[in-house]
J.: 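The structure's right below; bear with me while I get my questions together.
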Amino acid sequence: MAIERVKEYFKSHGMEDRIQEFDTSSATVELAAQALHCEPQRIAKTLSFQVDGKAVLIVAAGDVRIDNPKYKAQFATKAKMLSPQEAEEMIGHQVGGVCPFAVKEGVTVYLDESLRRFETVFPACGSANSAIELTIPELERHSGYAGWIDVSRQV
C-alpha cells in the first residue's frame, strides 16, 4: 500500500510519528479539513497531470483551482488530469491519497505559490484517510520539488 511506502519514507527521517490516520475519509479538501479541524485552505492538495507523457504533481492550497491560461503558459500544453487508473500506475498512489512523498521514479513535483501564505500545511500521506502537518521548508525538502510555480487562482 502507498501509505506504507510513505510511512517508511518518513520513518527514515524520524518523522513517522507525525503522520495522522483517521477513522473517516480525508479524500477531499472538505473531508480532510473536518478530520484535521483546520481551515480548508491549509489542506495541501496534490493534483496529478500528464505533461508530455509523464506524470506531474502540483501541490496547491485547498482553496484554489488550476488557472488554465497560467497552466498553459507554464507547461506549454492544456491541463490534462490523470485518470484514477493512470494516477495509481504513474505515481503509485490512489486518487484521494495522492501526495508528493514516495512517488514513482520520473514523477516531477511542483509547489504552487498559493501555499506560501501558510506556516504549515497538511498534505495527504498515500491513503484516503491520512495527512501530515509540515512547515513549508519541510514540504520543500520532503516533496523533492522541482520548483515553485504559479498556476492557480482563488475559487
Side-chain angles (χ1 to χ4, degrees), residues 1-51 54-66 74 81-155:
M1 286 183 66
I3 189 164
E4 297 306 323
R5 287 193 313 277
V6 174
K7 283 180 177 179
E8 276 302 308
Y9 170 81
F10 280 113
K11 184 176 183 180
S12 72
H13 291 86
M15 297 170 61
E16 73 275 14
D17 59 331
R18 290 174 55 187
I19 294 174
Q20 299 179 53
E21 291 186 80
F22 315 108
D23 293 331
T24 60
S25 175
S26 59
T28 67
V29 168
E30 293 76 21
L31 292 172
Q34 288 172 10
L36 288 157
H37 308 290
C38 74
E39 306 84 6
Q41 59 265 31
R42 288 188 54 217
I43 303 302
K45 61 185 177 183
T46 305
L47 305 169
S48 55
F49 297 90
Q50 191 174 119
V51 177
K54 295 185 179 174
V56 169
L57 297 179
I58 299 173
V59 185
D63 64 344
V64 301
R65 293 195 192 275
I66 293 298
Q74 176 72 43
M81 291 195 80
L82 296 178
S83 71
Q85 182 179 344
E86 289 170 328
E88 191 166 5
E89 288 172 4
M90 295 174 79
I91 297 161
H93 301 313
Q94 291 183 343
V95 170
V98 174
C99 65
F101 319 114
V103 296
K104 289 187 173 183
E105 187 87 19
V107 175
T108 305
V109 176
Y110 294 96
L111 303 179
D112 185 76
E113 290 288 336
S114 61
L115 295 169
R116 287 196 192 257
R117 60 193 149 131
F118 305 109
E119 285 188 36
T120 64
V121 293
F122 296 92
C125 288
S127 71
N129 67 328
S130 64
I132 187 169
E133 184 175 14
L134 297 174
T135 64
I136 297 304
E138 286 174 330
L139 179 61
E140 289 175 333
R141 185 167 46 256
H142 296 292
S143 67
Y145 78 116
W148 284 94
I149 60 174
D150 180 10
V151 294
S152 68
R153 61 178 166 82
Q154 287 291 140
V155 177

J.: Kindly give the heavy-atom pair with the smallest separation between Val29 and Gly62, and that separation in Å.
T.: CG1-O, 3.8 Å
J.: Which residue pairs satisfy the ring-ring contact (aromatic ring centres under 6.0 Å, His included) criterion with at least one member in residues 99-142, sequence neighbours excluded?
T.: Tyr9-His142, Phe10-Phe101, Phe10-His142, His13-His142, Phe75-Tyr110
J.: Quick one: salt bridge (charged side-chain N to carboxylate O under 4.0 Å, His left out) partners of Arg65, sequence neighbours excluded?
T.: none
J.: Test your reading of the model: is there a side-chain donor-acceptor pair from Ser130 to the backbone of Cys125, 3.5 Å cut-off?
T.: yes
J.: For the NZ atom on Lys104, are there more than 12 heavy atoms of other groups (residues, nucleotides or ligands in this structure) within a distance under 6.0 Å?
T.: yes
J.: I'd like to check the salt bridge (charged side-chain N to carboxylate O under 4.0 Å, His left out) partners of Glu88; sequence neighbours left out, ordered by chain and number.
T.: none
J.: Which atoms form the tightest heavy-atom contact between Cys99 and Thr46, and what is the distance?
T.: CA-OG1, 3.7 Å
J.: Mind jotting down which residue pairs meet the side-chain hydrogen bond (donor to acceptor under 3.5 Å, both in side chains) criterion with at least one end in residues 21-40? Sequence neighbours excluded, please.
T.: Lys7-Glu21
J.: Quick one: salt bridge (charged side-chain N to carboxylate O under 4.0 Å, His left out) pairs with a partner in residues 110-124, sequence neighbours left out?
T.: Asp63-Arg117, Glu113-Arg116
J.: Check side-chain hydrogen bond (donor to acceptor under 3.5 Å, both in side chains) between Arg18 and all other residues, then give those that pass, not counting sequence neighbours.
T.: Glu138
J.: Return the minimal non-hydrogen interatomic distance between Ile132 and Met15, and the atom names on each side.
T.: CD1-O, 4.3 Å
J.: How far apart are the closest heavy atoms of Ser143 and Leu111, and which atoms are they?
T.: OG-CD2, 4.1 Å
J.: Is there a side chain to side chain contact (heavy atoms under 4.5 Å, CB included) between Thr120 and Arg42 once you walk through the steps?
T.: CA-CA 7 Å; Thr120 64; Arg42 288 188 54 217; 2.5 Å; yes
J.: Looking only at heavy atoms, which two atoms of Pro123 and Leu134 are closest? And how far apart?
T.: CG-CD1, 4.1 Å
J.: Under the side chain to side chain contact (heavy atoms under 4.5 Å, CB included) rule, what do Phe49 and Ile66 come out as? Steps first, then yes or no, please.
T.: CA-CA 11 Å; Phe49 297 90; Ile66 293 298; 3.6 Å; yes
J.: Measure from the side-chain N and O atoms of Ser114 to the backbone N and O of Ala61, and report whether any donor-acceptor pair falls under 3.5 Å.
T.: yes
J.: Counting heavy atoms not belonging to Gln85, are there more than 12 under 6.0 Å from its CD?
T.: no
J.: Side chains of Phe22 and Leu36: closer than 4.5 Å at any heavy-atom pair?
T.: yes
J.: Does some side-chain heavy atom of His93 sit less than 4.5 Å from a side-chain heavy atom of Val103?
T.: yes
